[in-house]
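Structure, as structure tokens:
In this chain, numbering begins with 1 at the start of the sequence shown. On a predicted model such as this, the values are computed, not experimentally measured, just so you know. For ligands, and for the atoms within them, numbers begin at 1 and follow the listed sequence.
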Amino acid sequence: MMPELDGFAVASRIRELPGCRHMVLLMLTSSGQLGDGARCRSLGIDRYLIKPVKQADLLDAMLTALGSRSPVPKPAPEPSRAAEVAPCRALDILLVEDNAINQKLVERMLQPLGHRVTTAADGRAALAVLARDRFDLILMDVQLPLMDGFEATAAIRAAERDTGGHVPIVAMTAHAMKGDRERCLSAGMDAYVAKPVDRHELLATLAQFAPPPGASAAVPSAAESKPAPDLAP
Ligand code: MN
């Protein structure tokens, strides 16, 4: 009950505003009238409360209204997603990424899980870091200044032909083109995650390369794979 525009009129105009079609609306009134319920339903008003409203009733109405309709699918809450993450030992990871925001984003996904992240902003910087330190895994952006992810991967694999070993390289690329995965794999990368990087996908990929101690590796290196044992004569 308001002057000029009453609550029903305001609710009806709110519903016409862009972005407000699915907004939860609760109506408060000090005097319920016959037919109010039908008007509320026709305007998409979620709940109708008689004033004075008790705090517990208001909270209950808000929670019911918010819970009973979700026009936008809600992301799963963080704890349950964290629980789904495949176990993985803590890794020394070289992150090769030129975009500062993406660097922070990936660091925030990995560091809370105990991974140590060293960042290089282009392929040449990555090669310089690799000449001094060893890493369990490399996360390689494809589009990089100076030396891109494909060139850097080729250089790393060429060096490994002399030194032995094989550091897993996981490509991160915004290219959504079909065949991009194949291009990454043929360039010597071991796996591929799409950008923007999804935390769950990234962690599941890392876990493939670094299962916790005691679990068997999903991707054995060539050196570890043994020929099938001979059958008894
Ligand atoms: Mn980039």
Side-chain angles (χ1 to χ4, degrees), residues 72-73 75-76 78 81-82 84-211 217-219 221-222:
V72 177
E78 213 48 34
R81 282 184 71 98
E84 287 167 28
V85 165
C88 180
R89 65 188 168 83
L91 301 174
D92 284 305
I93 295 173
L94 175 60
L95 169 63
V96 190
E97 167 64 68
D98 58 313
N99 181 291
I101 293 169
N102 289 336
Q103 287 173 5
K104 282 277 161 287
L105 210 74
V106 173
E107 284 169 5
R108 276 183 208 159
M109 291 175 186
L110 299 179
Q111 284 168 340
L113 296 168
H115 300 301
R116 292 164 295 271
V117 181
T118 302
T119 302
D122 63 71
R124 276 191 211 165
L127 295 182
V129 172
L130 282 166
R132 316 191 289 268
D133 298 321
R134 68 160 286 289
F135 294 88
D136 297 310
L137 185 136
I138 300 173
L139 280 174
M140 182 78 77
D141 182 24
V142 167
Q143 290 173 296
L144 294 163
L146 301 179
M147 178 188 261
D148 72 19
F150 293 125
E151 293 172 282
T153 299
I156 292 164
R157 294 298 181 232
E160 283 174 348
R161 279 194 282 277
D162 298 329
T163 61
H166 179 98
V167 61
I169 301 179
V170 176
M172 302 181 293
T173 174
H175 296 166
M177 286 181 302
K178 199 166 181 282
D180 214 48
R181 185 173 173 277
E182 286 67 29
R183 196 178 165 206
C184 287
L185 300 183
S186 68
M189 293 154 166
D190 300 276
Y192 164 100
V193 293
K195 282 174 122 184
V197 174
D198 172 74
R199 176 176 177 272
H200 203 246
E201 187 189 359
L202 176 63
L203 298 181
T205 304
L206 293 192
Q208 284 176 29
F209 292 96
V219 185
S221 74

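Of all N, O or S atoms in Asp98, the one lying closest to the Mn ion (ligand 1) is OD1.
Distance check for Asn102 against the Mn ion (ligand 1): none of its N/O/S atoms falls below 2.8 Å. Among the atoms of Asp141, an N, O or S atom falls under 2.8 Å from the Mn ion (ligand 1).
Two residues are said to be in side-chain contact when any heavy atoms from C-beta on lie closer than 4.5 Å; Asp133 and Thr118 fail this criterion. The shortest side-chain heavy-atom distance between Thr153 and Met140 falls under the 4.5 Å cut-off. Side-chain contact check for Ile138 versus Leu130: some heavy-atom pair is nearer than 4.5 Å.
The number of heavy-atom neighbours closer than 6.0 Å to CZ of Arg116, taken from other residues, nucleotides and ligands shown, is above 12.
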